[in-house]
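Input: a single structure, listed below in structure tokens.
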Amino acid sequence: MASNKVLMVAEKPSIAFSIANVLSSGQMSTRKASTDVHEFEGTFHGFHVQFKVTSVIGHVFSLDFPETYQNWTVTDPLDLFQAPVRKAEANPKAHIRRHLSQEARGFGNLVLWLDCDREGENICFEVIDCIGHTNETKRKIYRARFSSVTEKDILKAMDNLVEPNKDEALAVDARQEIDLKVGVAFTRFQTSFFQGKYGNLDARVISYGPCQTPTLGFCVQRYLQINTFKPEKFWSVRPYILQSGYELQLDWERNKLFDVDVAVMFQKLVMEDGIAEVTEISEKQESKGRPSGLNTVNLLKIASSALGFGPQMAMQVAERLYTQGFVSYPRTESTAYPSSFDFRGTLGAQVNNPVWGSYVQRLLTDGYQKPRSGTDAGDHPPVTPLRSATEDMLGNDAWRLYEYVCKHFIGTVSPDCKYVRTKAEFSIGGEFFHCVGQRVLVKGFTSIMPWLAVNEKNLPQFTKGEKIEVGRVDLHEGMTSPPEYLSESELISLMEKNGIGTDASISVHINNICERNYVQVQAGRKLVPTALGITLIRGYQCIDPDLCLPDIRSFIEQQITLVAKGQADHFCVVQHVLQQFRQKYSYFVKQIENMDALFEAQFSPLADSGRVLSKCGKCLRYMKHISTQPSRLYCNTCEEVYYLPQNGTIKLYKELTCPLDNFELLICSMPGPDGKSFSLCPYCYNSPPFEGIDTLFGAAKSGSSGKLGKGAGMPCFLCPHPTCRHSLISQGVCACPECSGTLVLDPVSAPKWRLCCNMCNFLVLLPQGAHQISTTPERCPECDSTIIEVDFNKKTTPLEDGATLYTGCILCDELLHSLVEMKYGKSFFRGSRGRGRGSRRGRGRGRGTGKMVDPKMSFRDF
DNA sequence: GCAAGGTC
């Protein structure tokens, strides 16, 4: 009975385990599959049922364009805004879809335990999609709502199952489609535009995204502030008094003045008086609050500013600590602990720690504090330690992060820091001054987090009305200074404040702008924008500043929130937002010259970049190799760019030329000790795969032995690139008349039947319009070349004399020669580009002497 | 080759 079976799906394996563990009281059996499956029996809605708990691993699907929109050269990015989109498995190797559909078989109830946020709601519907929910299956679908994976919350959620929220899921669908279309359209356009013009951009891709671009915007904004900063001199009056044997500098109420004459006047007034009268003494008890729970953003900020870890690395370390069971889940927005949080147990786990064990023991004996309230984002509890560890167990980096997590947690349950702040105020010559002292009463949490300690400063005793002689009066001259480059930690705060990215993705965006060569991380984890980063942002600022402002993200968020709340239709919102971005895109394209002017001033044109490397097959002039990213060749004459494999060292390959297009071959050596080398033709490498080749091979394969085209589908002997047209060259069919090599049919050239030698690149063009060409065992008595049989199908290519079948030597047969001339008025027997020994027919020796064959030319061009 | 969002 399907109704007696309940399948539950969580967002990740660890949550599935916790849920199963709680609901089965540890009495479950676990089976390995794509993700673990836990089985047990229990009661559901008052009935005895069989439970099965498994999980996905985050999103099952991700959104992309169909194959036809994947080609950058064929698709106009503008069309992407209206293009269809499809969902494909995000990680096909994990086989999550198959796993879910298999496990759901025969199960009449589904309980969704995905995280309780919009993304989780969206994954709910991905799961429903996978298990095949139709009217026939009649499955009952429930949503569990829980705020933490604790026994209390899990049991409460089981008793209060609801329905999944379609609107929230649709809001995520909307965001996915908008992000994809906007990001990909802008990225493709600006990448193609600028890479097609400049040689030293040093970026494989010039990406745009509604999160990464505003993130870069923050860094560049600070750079511009620094760059346009005008330092100003300022002055302040600094009187010194002698009290109880201490020399004390007093702070001026006016702080500083920017007019030296006025400052000098005040200095004189103060000097002339020479007596400081104590006008007021105040003493106030102040408190420095203990921290609230640690969330991801604060963890990343501390990791960057105090430990020197970049966000990417900090997350990696935190994840490892999490999977090893030392800390709780590290991706959370919440700074508030759930009400059920076991503080005593968490502290208890640390009492034997050699570093802070005794402090924790004292807290447990004297009583720990309830943490400050903080904010509960309803996702996961703050990051807390689980098991005690030592530096030896974790290694230095992990230890330092773990140490922080522990000390922070202990800090949250320690007393506040209490101190007394004393302020003495003075009057000298009608001007007011003060000095401040601080005395700590209770160290509280600052004894475990000493870097947050209150600075103690003793102040001598003063009495109100007391008159003290002023020792000297300095006029301090200072200079205003620009802010520093944006620190990573400041950037994280700005991103959080402006809603750019999430706890899980903030580190990814920062890493992105580094990897794209828009910013560089310098000493002290300061983010310094590169010329490329600066030029991009300045470009957006002069065409359409919206493109790099954080509002672009909040606009999208606000629009999809309408969908999430059921206030607007998903389709309408997506169309509306895309329509706006499409207009922005069109305007951007139209105005790109304004941005280009900035690029022109900063970067070198392709023609001035790179080093001469190999010959172009079209103009036979040397092309330049541009080795900065993306690695490519540029032909100055043809104004064409040929992309090369990235990450490899490129050299000329024995001055060989490609038999298909006459481009000089290159050899690419991949880095590393196991790096392989392979040869490639720059033209073939950049050509799309030949269309219609399947039919051609179909015909060739069906023929009897000896037919040209036999052995089709052999791997390329020149390079392993999957789209290289060399891979379409079939196995050898006859001996090369020029060398000891074999002539192979090059079906790519169809309808230009031709043969080329696999060794010397000798090329023979065969009669066009032939229906079928086959080799014969016969040899030509004149030149010993292979005799072939040419079948002109009457229907397709009727010849004047009505004959359809001819035989002849591939090299010297007059019959074929005249036959073709008769039909087309020109000879088709043209050897070309023979290397090494020259042709028997008296063609010039050496390379490049034959007539060029452009693979793009049609037969009629001959 | 491209976005941002989950998680590993």
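Chain A is the first sequence line, chain B the second, and so forth, proteins listed ahead of strands; every chain is numbered from 1.
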Are the ring of A:Tyr208 and the six-membered base ring of B:dA3 within the stacking cut-offs of under 5.5 Å and under 30°?
-> no
Got a donor-acceptor pair under 3.5 Å from the side chain of A:Gln195 to the base of B:dG1?
-> yes
Check if the side chain of A:Glu319 and the base of B:dC8 share a donor-acceptor pair of N or O atoms closer than 3.5 Å.
-> no
Measure up the A:Tyr642 and A:Phe663 rings against each other and bin them: parallel (under 30°), tilted (30 to 60°), perpendicular (over 60°).
-> perpendicular
A:His509 NE2 to B:dA4 C1', in whole Å, measures 6 Å
A:Tyr208 and its ring-ring contact (aromatic ring centres under 6.0 Å, His included) partner, picked from A:Phe588, A:Tyr540, A:Phe581, A:Tyr518 | A:Tyr540
Side chains of A:Thr35 and A:Thr54: donor-acceptor distance under 3.5 Å anywhere?
-> yes
Integer-rounded Å distance: B:dC8 C1' and A:Ile123 CD1 = 14 Å
Euclidean distance, atom CD1 of residue A:Ile206 to atom C1' of B:dC2 [Å, nearest integer] = 12 Å
Please determine if A:Glu89 and A:Arg98 form a salt bridge, counting it only when a charged side-chain N lies under 4.0 Å from a carboxylate O.
-> no
Ignoring the backbone of A:Glu119, work out which of B:dA3, B:dC8, B:dG5 is nearest its side chain.
-> B:dG5
Atom pair distance, as rounded to whole Å: CH2 in A:Trp72 and C1' in B:dA3 = 12 Å
With respect to the phosphate group of B:dA4, does any side-chain polar atom (N or O) of A:Gln212 fall under 4.0 Å of OP1 or OP2?
-> yes
Could you check which of B:dT7, B:dG5, B:dC2 has an atom nearest any side-chain atom of A:Ser207?
-> B:dC2
How close or far is atom C1' of B:dA3 from atom CG of A:Leu216, stated in whole angstroms?
-> 15 Å
